[in-house]
Amino acid sequence: MINNLDLTVKDVLSRKQFRKANILAGENGLDRKITWTHIIEHNDFETLINGNELILTTGSNIDLQTQASAATYHRLINKNVAGLCIEKGKYFHTLSPEIKKIADSNNFPIIVFNEIVKFVDITQDLHTLLVNQQNQMVYHLNQLSHQFNKHSLAPNGILKVLQELYKHVGQKVICLIDQENTYYYPPSLKIEEPQILAYFLKTLTNDDNSKIIPYRDTPFAIVPISVLGSTWGHLCIQVNSQMNDELFFSLMDRASMAIAQILLRNRTIEERRANSEDDLVKNLLQGRKYDEVELQFFLPTHHSKLSYRVIVIKTFPYKTGLGHEKWDEHKIQRTISIRSLFQQYGCLPVVSTRKNEIVIVCFFIDEDQAKKNYLYMQKIIDQMLISDANNILHDVVSQIGVSSVQSDIKHASSSYNEAIQVIKLRKKALCNTYFFEDIGIFQLLLMQNNTDLKAFSNRYIGKLIDYDQKMGTELLKTLEIYLECQGAKKEAARRLFIVRQTLYHRLNKIEQLLNVELIRPIHRLSLETAIKSYYLLMDEKVDTQ
């Protein structure tokens with residue numbers, strides 16, 4: 001335990017020079033820590049004292065005996081000296097009840113030598129002890145630093161560092177990286193962890209200062225975990241009064257440096273993985289040669305029969321003013337978050353994260369998930385769109401498109417285009433699905449050239465469009481709603497906010513202009529296809545303007 005390295009007043013009393021010394025007052029303060037000894041024979045001593053010194057004096061020029069001597073003792077107590085050792089003789093005879101009361105109430109040890117002693121022998125002996133203690137402290141610290149570094153290279157390194165800390169301080173240890181990455185020891189802290197986490201996350205700031213803050217009347221020492229000039233987390237340890245402050249904070253600093261090395265190494269690994277994933281996805285989507293061994297590295301499965309979908313997420317423009325390093329951090333966080341989300345549903349994602357677009361090639365095992373993946377994809381999309389400030393994609397996602405299921409990775413480029421087409425249709429409000437297989441007739445329309453689509457559209461609804469433009473009517477809209485309602489006139493009239501007699505009149509006019517019978521299925525199918533072609537062409541025309 002690190003508090004065993006302190007030199008206290010009680011330890012000093014066992015030394016040879018103190019065998020014939022008596023404690024006159026302040027016996028409850030024998031655990032006071034001594035950092036140095038000082039001989040004082042002058043009443044103006046404040047500037048000579050830093051605190052925690054053991055004061056040696058004969059009282060020759062210090063008022064320790066008169067009625068006004070209480071002020072002297074109060075001055076020593078206020079300077080936080082460890083204790084006062086007085087040689088009994090010409091300048092000091094006895095301790096008055098008043099002074100004893102002051103010392104006892106402040107746990108301030110007063111020791112008297114009943115015979116002449118050599119102060120130089122005492123200071124030499126105690127200073128040797130203190131120097132040896134300091135050397136022992138440095139040795140102890142170096143040994144622990146070696147253990148911390150060793151743990152930092154092992155699996156679950158952060159937890160092992162905390163276990164080592166707990167072994168030597170015997171107090172609760174918590175490491176806060178972010179809201180999703182909290183480590184603690186001992187395991188019994190699991191019950192308190194959510195409350196402690198919430199309190200510290202609310203209290204802590206990203207500064208680089210060590211501090212002590214209270215939690216339910218229990219002090220915790222806080223040391224920032226600094227990486228490349230930024231605060232990536234905090235190390236928190238419960239404090240008790242018996243700890244050696246110097247060694248304690250030095251120990252925390254060494255532990256935080258070991259944790260910082262783990263975080264930096266993990267971040268470097270994640271950066272390399274993210275870059276490799278990004279290159280792999282680019283090669284797949286562009287039909288270029290890719291490394292099959294590298295692909296298998298990202299797909300930790302022995303199953304050879306895999307299918308996949310390509311998911312494209314359009315994101316709002318990244319704030320370029322935040323700098324390259326900030327973007328790299330966001331990129332890694334996004335990639336890790338997305339990968340973790342897909343893996344929760346048993347998927348095997350390969351992710352490419354860019355500033356305005358995220359592409360996921362999501363693999364899954366055919367026999368286990370082919371029938372489930374549609375539902376899984378919907379749940380994943382809902383999770384990405386959830387309004388939760390803890391979600392890394394919160395307020396980032398603009399549009400999402402999901403390709404159809406494929407089994408040949410050579411078709412990844414086509415799958416990407418499918419997802420892009422879904423996004424375009426959603427953006428134009430021509431569909432409300434995320435899945436390519438659900439866009440219906442648009443799958444066929446998107447494969448046609450604009451000239452053929454225009455000719456088809458004009459053939460079936462051209463006269464209707466011309467009539468609306470000339471007369472200011474809404475026959476095209478009426479036809480669209482009527483077809484969407486599958487010929488249910490009551491529902492169509494309700495959606496158009498007109499009475500049924502007006503609807504009947506419009507439908508008769510439509511049949512006359514187009515020379516069709518709306519009751520015939522083949523005519524309804526052709527008209528519905530022509531309307532969708534018309535809207536598709538209109539949106540593309542707007543895009544090119």
Side-chain angles (χ1 to χ4, degrees), residues 1-2 4-5 136-193 196-197 200 204 208 210 220-238 243 247-277 293-294 296-302 328-329 332-333 335-337 339-340 343-344 348:
M1 303 289 289
I2 64 173
N4 294 334
L5 296 177
Q136 184 181 3
M137 187 184 301
V138 172
Y139 173 79
H140 189 63
L141 189 59
N142 288 336
Q143 289 294 105
L144 287 175
S145 296
H146 175 74
Q147 287 297 110
F148 291 150
N149 291 332
K150 180 180 178 181
H151 293 321
S152 71
L153 299 173
N156 298 320
I158 294 179
L159 182 58
K160 286 183 170 64
V161 170
L162 299 190
Q163 289 173 332
E164 191 72 34
L165 267 176
Y166 180 79
K167 174 182 175 182
H168 290 275
V169 301
Q171 300 293 323
K172 299 174 182 177
V173 185
I174 303 172
C175 179
L176 305 175
I177 307 302
D178 52 46
Q179 293 182 344
E180 296 182 358
N181 293 287
T182 306
Y183 304 84
Y184 51 85
Y185 200 84
S188 58
L189 258 177
K190 183 176 182 179
I191 299 175
E192 294 183 71
E193 183 262 338
I196 296 177
L197 173 61
F200 283 162
L204 295 175
D208 57 356
S210 300
F220 272 80
I222 312 294
V223 171
I225 300 172
S226 299
V227 183
L228 302 176
S230 300
T231 299
W232 286 16
H234 293 86
L235 182 61
C236 315
I237 303 182
Q238 191 175 3
M243 290 178 172
L247 178 59
F248 179 67
F249 279 102
S250 296
L251 189 62
M252 288 189 69
D253 285 336
R254 300 294 179 91
S256 70
M257 284 191 288
I259 294 173
Q261 291 175 5
I262 296 172
L263 296 178
L264 181 59
R265 184 164 55 252
N266 290 345
R267 177 60 58 86
T268 302
I269 292 172
E270 284 296 338
E271 285 180 353
R272 290 176 179 173
R273 175 179 176 133
N275 291 333
S276 297
E277 275 188 274
V293 175
E294 186 177 14
Q296 289 301 316
F297 171 77
F298 292 111
L299 304 176
T301 178
H302 299 293
D328 285 343
E329 182 176 344
I332 292 171
Q333 289 178 348
T335 302
I336 293 174
S337 179
R339 187 187 302 132
S340 175
Q343 288 173 345
Q344 288 177 25
L348 305 170

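Quick note: residue numbers are just sequence positions, from 1.
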### Task
State whether the number of non-hydrogen atoms from other residues, nucleotides or ligands found under 6.0 Å of Asn266 atom CG is greater than 12.
yes

### Query
Where do Ser152 and Gln261 come nearest, in terms of heavy atoms and distance?
OG-OE1, 3.9 Å

### Query
How about Asn142 and Arg254: do any of their side-chain heavy atoms sit closer than 4.5 Å?
yes

### Ser226 versus Ala260, closest heavy-atom pair with distance
O-CB, 3.5 Å

#### Entry: Residue from Leu162, Val173, Val223, Leu251 passing side-chain contact (heavy atoms from CB on, under 4.5 Å) with Ile237
Val173

### Message
Would you compute the distance between atom OH of Tyr185 and atom CD of Glu164 and round it to the nearest 0.5 angstrom?
### Response
11.0 Å

## Note on the structure
Checking Ile177, Ile225, Ile222 against His234 for side-chain contact (heavy atoms from CB on, under 4.5 Å), the one that qualifies is Ile222

### Query
Do the non-hydrogen side-chain atoms of Ile262 and His151 ever get within less than 4.5 Å of each other?
no

### Query
So, for Gln171 and Tyr166, which heavy atoms are closest and what is the spacing to 0.1 Å?
O-CD1, 3.0 Å

### Check: Phe148 and Leu165 side chains under 4.5 Å, non-hydrogen atoms
yes

### Query
Is the backbone N or O of Ser337 less than 3.5 Å from a side-chain atom of Ser340, with the two atoms forming a donor-acceptor pair by type?
no

### Query
Just how far is it from atom CG of Leu264 to atom CH2 of Trp232, taken to the nearest 0.5 Å?
5.5 Å

## Note on the structure
One should read off an interatomic distance between Lys167 NZ and Gln147 CD, to the nearest 0.5 angstrom, of 7.0 Å

### Query
Which heavy atom of Asn149 sits nearest a heavy atom of Ala258, and at what distance?
OD1-CB, 4.4 Å

### Message
As an exercise, state the distance from OH of Tyr184 to CG of Leu159, rounded to the nearest 0.5 Å.
### Response
9.5 Å

### Task
Measure the SG-NZ distance between Cys236 and Lys172 for me, rounded to the nearest 0.5 Å.
13.0 Å

#### Entry: Ile158 vs Leu263 side-chain heavy atoms within contact, under 4.5 Å
yes

## Note on the structure
Correct closest heavy-atom pair for Lys160 and Ala154 would be CD-CB, 4.0 Å

